[in-house]
Amino acid sequence: MTLRGVDLVPLLAGCALGSVILAGCVVAADDSPPLTFVRLALVALAAAAAWILDDPAAAAVDAVPRTRLRRTLARSVALAVPLSVWVVAVVALDLRSTATPAGALLVEGAGILTITVALAAMLRFAGRDEPGDVAATVVCAAMVALIVFPHPWSAHVFPVEDGWTGSSVLWSALGAAAAAVVVAASRDPARRDRRPIAAHREEARGL
Amino acid sequence: MTLLVGASPPPATERLTPRTLVGVEARRFARHPLFLTGVALLVASMATASDDLDATVNEAGFLPAVFLGVFGTVVAHQLVTSMDRSADAADASPTGRAARTVALCTACLVPGAVAVAWLAWMYVAMAVWPVPASPAYSSLELAAMLTAGVVYAIGGPLVGVAVARWVRMPGAGVLAALLLVGWGLLGTVGLSLPPSTLGTLARLHAPFAAWVSSDGPGAELWLSGGSPAWYLMYVTLLCGLAATVAELHDTTGARRARVTRTIVALVVLALVSLVLAVTDDPTRIPL
C-alpha cells in the first residue's frame, strides 16, 4: 500500500547514477577494481535510499489504521532497488577481477544503505516528515569526505588493500544496529508514551 | 516610469534592495550547518597538514574543492529550494525571481571568501615551513593551481543554484554534487594515459584537475602537462556559465536574449581556454 507513496524519481535517479558509475567500473576493472569509483557509486545508491521514508502526506497517512512500523517495512521494500544494483555490480566486478573482495563489499553496501535508512527513520521520529534531503546530505558528505581524504583510522571503514575482515565485522555490527534503530524509530507517535493506562487514569483523577 | 528611472539614478531604496537581498542570502549560506561542517573540515585539514607541505603542495586546491565546492553545491541547492517553499509570498515582493537568483549567485562568494582565507593561509604556511622548490612548476603556475581552489569553492555552489533553478526533483542537489565529484575523478583517468594532448584533454576537461601522479607505488612523482593559467581561466568561465544558466531560468524578453548570447559567448571562451590549456607541452616533468 505505502510502497506507492515512495517518490520514485530520486530513488531511480540515484540508482541510475550509481549504475552508470558501476558499469564504468566493471568495464575499467583489470587486476583490481577501481574502489574509489565503486564507493562513489555507493554514495549515489545511499543518496537514493535516503528518500524511501519521505512522506509529504504524513499528516493524513498517520491517521490510517496501520502502524508506522508496518508502513516503514512496506517502504523498505524499495531498498531492494539500490541493493540489487549494488549486488549485481559487485558480482560483475568479481567475475571480471578475481581480486575483488566481493563479500566485504556486499556487507559494506548493505551496512551503508541500512544506516542511511536508519538516519532517515530517526529524523522522521524527530518530527521531520521528509527526512530524505537531510539524511542523503549527511551520509553523502561523510562518505565523500572519507573517500576523497582517507585518514589512517578510515582504513577500517573503507579499506583499500587489507583490513577487509575488520571492515566486514564493523559494517555488520553497524548494519544490525541500524536495523534495530529503524524498528525502534518506527513506533507510532501515539505509542511512545509507554505508561500503563492506569497511570493515565490516576493522572486524570488528580487533575 | 521606466524612462524616468533610466534617465536618473535609481532611488536609494531600489539600490538598497539587491544589496539587502545579497546580505540575507549570504547570511543564510554562512549559517548553513553543512557549510559550517565543510569549513570545520577544511580548517582541520589545514591544521594537520600545514607543517607537512612538500612539492605536491600544488594539489592542495582539492581541499576547498571538496569541503567548500562539493558541500557548497548541496548548500546552495537547499537555499534555493527552501526559498521556493515560500514562493507565493516571495513573488508578491518587489524583487523578482531573477533578482533573487542573482542574489543567490552573489552569496556563493561566501565560500569563495573562505577559500581566499585558505589561499592566504597556504602562502603563510609556505613562508613559515618552507617547501622544497620544484623545477616542475614556476611560482606563477603554483599560484594558478592554488587559486583554482578558490574558483572550485565558488563554482560548486553556483552549479547548485543552477540545478535548483532548472531541475525540480528531490535530491537533485546531492546528485549534482556527486556528478561533480564523479566528473572530477573521471578526469584523473587522464593521468594514467600516455603523455599526449588527448591525455591532457581527458584530465583538464573536468571541473577539478589533478596535476601530480606517478607510474606506480613508490615511483617518482611527476607533474603532468597542460597550462595551469589557462585551466584557471577555463574553470572561471565554467563558473560564469553556471551563474548565467541559473539566471536564464527567470528572464524573459530582451533580457533573455542577452543572457542567451552571454551563455554562447562563455561556452566559446571556455572551449578556447580549454584548447589553450590542453595544447601546452604534454611532457611530464619529475617533481
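Keep in mind that what you see is a predicted model, and the values were worked out from it rather than measured. Chain identifiers are assigned alphabetically (A, B, ...) following the order of the sequence lines, protein sequences preceding nucleic acid strands; residue numbering begins at 1 within each chain.
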If you draw a 6.0 Å radius around [atom1] in [X], do more than 12 non-hydrogen atoms from other residues or ligands fall strictly inside?
X      : atom1 : answer
B:R31  : CZ    : no
A:M122 : CE    : no
B:R28  : CZ    : yes
A:D162 : CG    : no

**Message:** Is B:L185 close to chain A through its backbone or its side chain, or both, or neither, when contacts mean heavy atoms under 4.5 Å?
**Reply:** both

**Message:** Report which part of B:F67 has an atom under 4.5 Å of a heavy atom belonging to chain A: side chain, backbone, both, or neither.
**Reply:** side chain

Testing the basics here: between [X] and [Y], what is the closest heavy-atom pair and its distance to 0.1 Å?
X      : Y      : result
A:A145 : B:F71  : CB-CZ, 4.5 Å
A:F37  : B:G182 : CE2-O, 4.3 Å
B:L178 : A:A44  : CD1-CA, 3.5 Å

**Item:** Part of A:I21 within contact of chain B (heavy atom distance under 4.5 Å)
**Value:** neither

**Fill in**
Assert top hit (heavy-atom pairs under 4.5 Å, partner chain A, pool B:V189, B:L175, B:V74) equals B:L175

**Student check: side-chain heavy atoms of B:P170 and A:D54 closer than 4.5 Å** = no

**Message:** Counting heavy-atom pairs under 4.5 Å with chain B, which one of A:P34, A:A13, A:A50, A:A136 comes out on top?
**Reply:** A:A13

**Message:** Just so I understand: if I count every heavy-atom pair under 4.5 Å between each of A:T36, A:V20, A:V9, A:D133 and chain B, which residue has the most?
**Reply:** A:D133

**Item:** Pairwise distance NE2(B:H77) to OG1(A:T137) - rounded to 0.5 angstrom
**Value:** 9.5 Å

